[in-house]
Protein chains: 2
Amino acid sequence: MLSIGDLSRKTGVKVPTIRYYEQMKLVTAPERSEGNQRRYSIVELERLTFIKHARDLGLKIDAIRELLDLSAHPEQPCADANRIAEDHLAATRDRIAQLQRLEAELVRITEGCHGDSIKDCYVIQSLSDHALCQDGH
Amino acid sequence: MLSIGDLSRKTGVKVPTIRYYEQMKLVTAPERSEGNQRRYSIVELERLTFIKHARDLGLKIDAIRELLDLSAHPEQPCADANRIAEDHLAATRDRIAQLQRLEAELVRITEGCHGDSIKDCYVIQSLSDHALCQDGH
DNA sequence: TTTTGTACCTATAGTTACTATAGATATTAG
DNA sequence: CTAATATCTATAGTAACTATAGGTACAAAA
Ligand SMILES: [Zn+2]
Ligand SMILES: [Zn+2]
Ligand SMILES: [Zn+2]
Ligand SMILES: [Zn+2]
């Protein structure tokens, strides 16, 4: 049996985060020691490893909950699991595209600044006036 | 004089957000009407326009506060303003790079799924096992 | 076996940047 | 003048944690 600290070290999920996941019912409340401390088994280690990996890939808690529910029914078709992953991929791509537009504006803005005084600074001017921008964020 | 609703329409910042910015001292408390409603002038319209644009470009409230402080001193050199913009550009690029790594993994994961049952689903398997991944997020 | 140091417990509040709600008051158009 | 809309304050909710306080459990050394 693993203490919450052991589980934390093995998964890379911080101790308070593990407790938070328990509150959010992402992980079920584990057994307790005589002194009321949490004791985990391999099942819970695997579940938390799954959660950690999904979070690292940027999936939201709700999506992870759905995926965990799905994986409890091994004989069911996996269309829903795939859809969740595809949706997240699409959202990730949208976010990248948006950040790239911002990047382009920020390049333009920083390159326009030649270290003058604030009143002549292109950074400040650009922030004051969106008309100077090339796209519509 | 503009009501808070007028200011909201002209800047695209929602009414509760304007009040929130006042609380956060990003904008100073404006004059009030006889009936205690906020009344704004052009100065405040310009300041909020600046804030909106900076937020749209992804700058954090603290960075915007610094930029506003700087722009109150027109004769000072603009090195700090440029540094804030450059830092934000660097952070934006880091975020893009990270999201692109996630994107690559998500492509691999979704393409590996061929619509079988959950127990054979590559989406579920990939989430369970980071060793299948190509990089280290 | 006792001490000591770390780990653990619960409950609560703080983080970021808002958004939503409720219940009361102000303003404006007809 | 009345009705509709806008505004007011205060408070709570959002996502996903993180930090803190005050107290208890556990494990290894003395
Ligand atoms: Zn400059
Ligand atoms: Zn712009
Ligand atoms: Zn599949
Ligand atoms: Zn991975």
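Chain naming here is simple, since letters A, B, ... match the order of the sequence lines and numbering starts at 1 in each.
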Any chance you could list the contact pattern along nucleotides 2-23 of chain C? Use B for base contacts, S for sugar-phosphate-only contacts and - for none, protein heavy atoms under 4.0 Å, 5' to 3'. ------SBB------BBS----
According to a strict under-4.0 Å criterion, is A:S33 in side-chain N/O contact with OP1 or OP2 of D:dA25? no
Spacing between A:I64 atom CD1 and D:dA15 atom C1', to the nearest angstrom: 12 Å
Can you tell if the side chain of A:I109 reaches within under 4.5 Å of the side chain of B:L57, non-hydrogen atoms only? yes
To the nearest angstrom, how far is B:L7 atom CG from D:dC8 atom P? 11 Å
Measure the CG-CD distance between B:L132 and B:E105 for me, rounded to the nearest 0.5 Å. 9.5 Å
Heavy-atom side-chain proximity of B:I118 to A:H73 below 4.5 angstrom: no
In whole angstrom, give the distance that lies between atom CE of A:M1 and atom P of D:dA25. 19 Å
Can B:S128 and B:Q125 be counted as having a side-chain donor-acceptor contact under 3.5 angstrom? no
Rounded interatomic separation in angstrom, taking CD1 from A:I18 and C1' from D:dC17: 13 Å
Is it true that A:R38 and A:E31 have a side-chain N and a carboxylate O under 4.0 angstrom from each other? no
From B:L7 CG over to B:T49 OG1, what is the distance, rounded to the nearest 0.5 angstrom? 7.5 Å
